[in-house]
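By convention in this document, chain letters (A, B, ...) are assigned in the order of the sequence lines, proteins followed by strands, and residues within each chain are numbered from 1.
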Amino acid sequence: MKNINLLKNLNDKQKEVVSESRKNLLILAGAGSGKTLVLIRRIAWLIHKENCSPKSILAVTFTNKAALELKKRIKILLNNNQKNNIWIGTFHSFAYYLLRIHYLEAGLPKNFQIIDSYDQKNLIKRILKKMSLKDKIYSIKNIISYINNLKNNLYNKNIIYKNNLYNINLSKIYDEYQNFCKITEVIDFNELILCLYKLFLNNPNILKIYQKRFKNILIDEFQDTNDIQYKFISLLYNKHYDTKIVLVGDDDQSIYGWRGAKIENINHFLKDFDNVKIILLEQNYRSTSNILNAANKLISYNEIRQKKKLWTNSDNGKLISIYYALNEFDEAEYIAKYIKKYFFKKNIKLNNCAILYRNNVQSRVLEETMLKFSIPYQIYGGIHFFQRNEIKNTLAYLRLISNFNDDNSFEKIINIPKRGIGCNTLKIIKFVSEKFFLTLWQSSIYILKNKKYLNKINLNSLKKFINLIKKLKKNIIGKSLSIIIEETIKNSGLWHMYNQNCLFENNFNKINNLKEFINAANHFMNISFNDNKKNNLIDFLSKILLLTDDINVKKKNNNCDYNFVQMMTIHASKGLEFSKVFIIGMEEGIFPNKISFNEKNINEERRLAYVGITRAKKKLTLIYTKKRYLYGKEINSIPSRFLNELPENCIKKINYLKDKNIYLKNDVLKKKKYFIGQNIYHKIFGKGIILNIETLKDNKKLQIKFSNKKIRWIMSNYIQTYVIK
DNA sequence: ATAAAACGATTTTTT
DNA sequence: ATCGTTTTAT
């Protein structure tokens, strides 16, 4: 083990990063410059060459996925199977872990729970209702950014906002929000980090323990850190303990400014910390010269940036194609035909091919077209697994069981499945809760005890609900997590509710998601923070919000394993690479997005384009259209300004428009016709015959008898229905 | 209390 | 177009 050469196959700059001794480092690592490899080697170097204890190393990543990858690769490099005590994780999981230990000093309840942005949104809606403020004026988006801003500025209300009525109300909403979190024992994602920051600030003795321990701090994706995270790093760093920080980032790939990330933190670091050495990793091992030249030229239109220029030893490669499509259907078909031509005929794995887009809505036509051409694909993103309604409902039951005072969850499921507790009953429960300063649960108990406020029927419904929750809670004792979840889903009536209408495609998926959730429970418990193997429900419920996984991948046309065209937003593609990349919708208003038509945001859009382009290894195709349907309207497209910012000698224009006009009239505009008795084929259910047709606004609901004799209603626009010619 | 109809907004998304 | 929310009708 001691013989591994940690500098093997590295260029000079990379070697410098791995072996630089006892200095604060700022590593500006361009796309495809071997950043992760270098980070891993550096960690191994610290342990083997500088005799640092693995315990002294804190490595912070932007996502759990990245953390897992880092852990895995370090384990392989260090070639040991035992736990190595290196702390690798996100800011949030680090904060969570420490706050569970120091909850008392942090002023948190022992069983505090975490709320995600979805819960946060719901909570704000409820507060607006309670305060009778119109959420059109006080938009949820503004309120969330107000809350996050305040937390980023350590609750200092005086700094940013003027004293007008609007801001006074915002401030009131904020107080309500914080108060509500306190009562129901929950904290949001930002508060996690802020709480730990405060804990350290107010308890120097605790801070000292961790300052002494973490003498090597490495932060990946530094351009994505926000204010409070930066403040936190500064606090944890103590030069008197010889702490050394390595920050790795790329200001050109900063695409999360809208979420509060501050590229300026790179400059702050240079100013605030002593003895910082900057190392540029500019040699790219991923792309051809043409692709890199295009990326460099494009990003040079951003004026304020750390000047950095990617270069490569590889040859020019193919020219970048720019295809001018008639509309989004033509756009998708061009890609489908290309894939058929180059990937199918030559038998190249489809995983090497990615289709990237600015907005998720753009994936729909792609999806239809891939199905039409029988090309297997995977879509990343869209609605997150844990934000699906059926999962959220299950979570709400589980949370209410573990904390009766969780008002958010209480309100969410009080009438799911329907049990005759409507908004009037809820209003009364709320009224009583406000009158006596009770949570919704306590208020319900009060109402039941005093038999006041509600009539007999409603009283009875409420009693049934309260008893159900009590029964569910009793039932979990001594059982394993997946059993708890399964029984909660079944006993709560959720399973029955979704299963009842299982004939509909939607509910069929929901039941499947619930099954997946039950299975996932065990998997999640295995990913624990360090050695903490406590398998209790409370820990699990917080963890799944922190340790989100890639369950939200949608696979279709699954002919063979691991062979799908990859489809995702450009944001989601960050950190990945593909031989062949298509970027679609290169049009003003779409990319750059029309909401970003101001200088600051245009720069971020440009960085996004830069990220997209640099995903490609061998061949890149950019597509824009003449016309496009968007939100039900046809618009004339204007080519994206980014297309004009590419060097002429790297690109090749393709324009088949003339031939396409005839083709379109005959094919794309023709709508499918269905009739009773027609034989069809469905991608999941197989062969079937149409029994009944119900016409809706623009699509049709088909009742189909499948070969297994089951009868289902299927929406015709679900496309999995194929007409057999 | 619940179902149907009208209305309206509409980027990116991880923790 | 589509999804979520609010209003209106049963």
Side-chain angles (χ1 to χ4, degrees), chain A residues 60-67 89-96 114-122 125 129 134-136 139-141 144 148 187-193 221 224-226 228-229 254-261 328 356-362 364-365 368 380-387 389 415 418-427 457-458 461 506 542-550 552 568-575 585 589-597 601 604-605 607-609 611-612 628-634 696-699 715 717:
Chain A
V60 181
T61 58
F62 187 55
T63 64
N64 290 303
K65 203 172 153 195
T90 60
F91 276 109
H92 295 87
S93 59
F94 184 61
Y96 172 76
I114 295 162
I115 51 168
D116 62 13
S117 36
Y118 184 96
D119 299 324
Q120 196 182 25
K121 221 167 105 187
N122 271 340
K125 271 186 205 165
K129 222 177 211 172
K134 282 266 152 44
D135 60 0
K136 264 159 210 152
S139 81
I140 309 260
K141 228 180 186 175
I144 287 179
N148 289 337
I187 57 176
D188 63 38
F189 285 131
N190 256 329
E191 190 84 25
L192 261 178
I193 294 162
E221 305 283 12
D224 292 326
T225 50
N226 63 24
I228 187 68
Q229 287 164 343
S254 164
I255 53 176
Y256 286 103
W258 50 277
R259 235 165 58 187
E328 70 270 29
L356 310 180
Y357 36 84
R358 179 62 178 84
N359 305 139
N360 278 313
V361 272
Q362 293 172 267
R364 177 166 259 120
V365 174
E368 286 173 16
Y380 290 81
I383 308 164
H384 195 277
F385 187 75
F386 289 106
Q387 291 186 352
N389 234 311
N415 204 27
K418 299 222 161 70
R419 49 173 71 89
I421 305 177
C423 33
N424 282 331
T425 309
L426 188 62
K427 247 184 210 157
I457 299 164
N458 291 331
S461 306
N506 260 345
S542 336
K543 251 182 211 171
I544 48 167
L545 294 186
L546 285 175
L547 290 181
T548 50
D549 213 357
D550 272 353
N552 58 329
M568 65 194 87
T569 62
I570 306 168
H571 279 94
S573 76
K574 196 179 164 200
I590 290 180
F591 194 19
N593 192 290
K594 68 167 180 289
I595 297 170
S596 303
F597 282 170
N601 290 335
E604 183 151 320
E605 294 282 318
R607 291 193 292 270
L608 189 59
V611 168
R628 177 183 294 275
Y629 277 97
L630 199 65
Y631 303 131
K633 270 185 199 152
E634 192 183 49
L696 303 173
K697 247 189 258 160
D698 206 52
N699 56 54
M715 302 298 283
N717 66 347

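Here Asn415(A) pairs with Lys418(A), Arg419(A), Ile421(A) under the side-chain contact (heavy atoms from CB on, under 4.5 Å) rule; sequence neighbours left out. In this structure Asp116(A) satisfies the side-chain contact (heavy atoms from CB on, under 4.5 Å) test together with Tyr118(A), Asp119(A), Phe189(A), Lys392(A), Leu545(A), sequence neighbours excluded. Annotation: salt bridge (charged side-chain N to carboxylate O under 4.0 Å, His left out) contacts of Arg628(A) (sequence neighbours excluded): Glu331(A), Glu587(A). Glu604(A) meets the side-chain contact (heavy atoms from CB on, under 4.5 Å) test with Trp258(A), Arg607(A); sequence neighbours excluded. Residues that satisfy the side-chain contact (heavy atoms from CB on, under 4.5 Å) test with Phe597(A), not counting sequence neighbours, are Glu588(A), Pro592(A), Lys594(A), Ile602(A), Arg641(A).
Contact annotation: Lys65(A) does not reach the phosphate of dT15(B) (side-chain N/O to OP1 or OP2, under 4.0 Å). The side chain of Thr90(A) contributes no N or O atom lying less than 4.0 Å from OP1 or OP2 of dT14(B). Side-chain nitrogen and oxygen atoms of Ser461(A) include none within less than 4.0 Å of the OP1 or OP2 phosphate oxygen of dA1(B). Taking 4.0 angstrom as the limit, Asn360(A) places a side-chain polar atom (N or O) nearer than this to OP1 or OP2 of dT12(B). An OP1 or OP2 oxygen of dT15(B) is reached within less than 4.0 angstrom by a side-chain nitrogen or oxygen of Asn64(A). At the phosphate of dT13(B), neither OP1 nor OP2 sits under 4.0 Å from any side-chain N or O atom of Lys574(A).
Within the nucleic acid shown, Asn424(A) comes within 4.0 Å of sugar-phosphate atoms alone, with no base atom in reach, counting heavy atoms only. Using a 4.0 Å heavy-atom criterion, one finds that Lys121(A) contacts no nucleic acid atom at all. Contacts of Asn415(A) with the nucleic acid, taken as non-hydrogen atoms under 4.0 Å apart, involve only primed sugar atoms and P, OP1 or OP2. Using a 4.0 Å heavy-atom distance criterion, Lys594(A) is classed as making no nucleic acid contact. No contact: Thr61(A) has no heavy atom under 4.0 Å from any strand. Among the heavy atoms of the strands lying under 4.0 Å from Phe62(A) are primed sugar atoms or P, OP1, OP2 only; no base atom is included.
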query = Which dot-bracket notation, 5' to 3', represents the base pairing of DNA chain B when pairs are defined as Watson-Crick or G-U with both distances under 3.5 Å, crossing pairs as [ ], and inter-strand pairs as |?
reply = ||||||||||.....

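Of the charged side-chain nitrogens involved, none lies within less than 4.0 Å of a carboxylate oxygen, so that Glu328(A) and Arg364(A) do not count as a salt-bridged pair.
Here the nucleotide nearest the side chain of Arg364(A), chosen from dT2(C), dT11(B), dT15(B), is dT2(C).
One can place CD1 of Ile570(A) at 15 Å from P of dT14(B), the figure rounded to the nearest angstrom. Rounded to whole Å, atom P of dT14(B) lies 12 Å from atom CG of Asp224(A).
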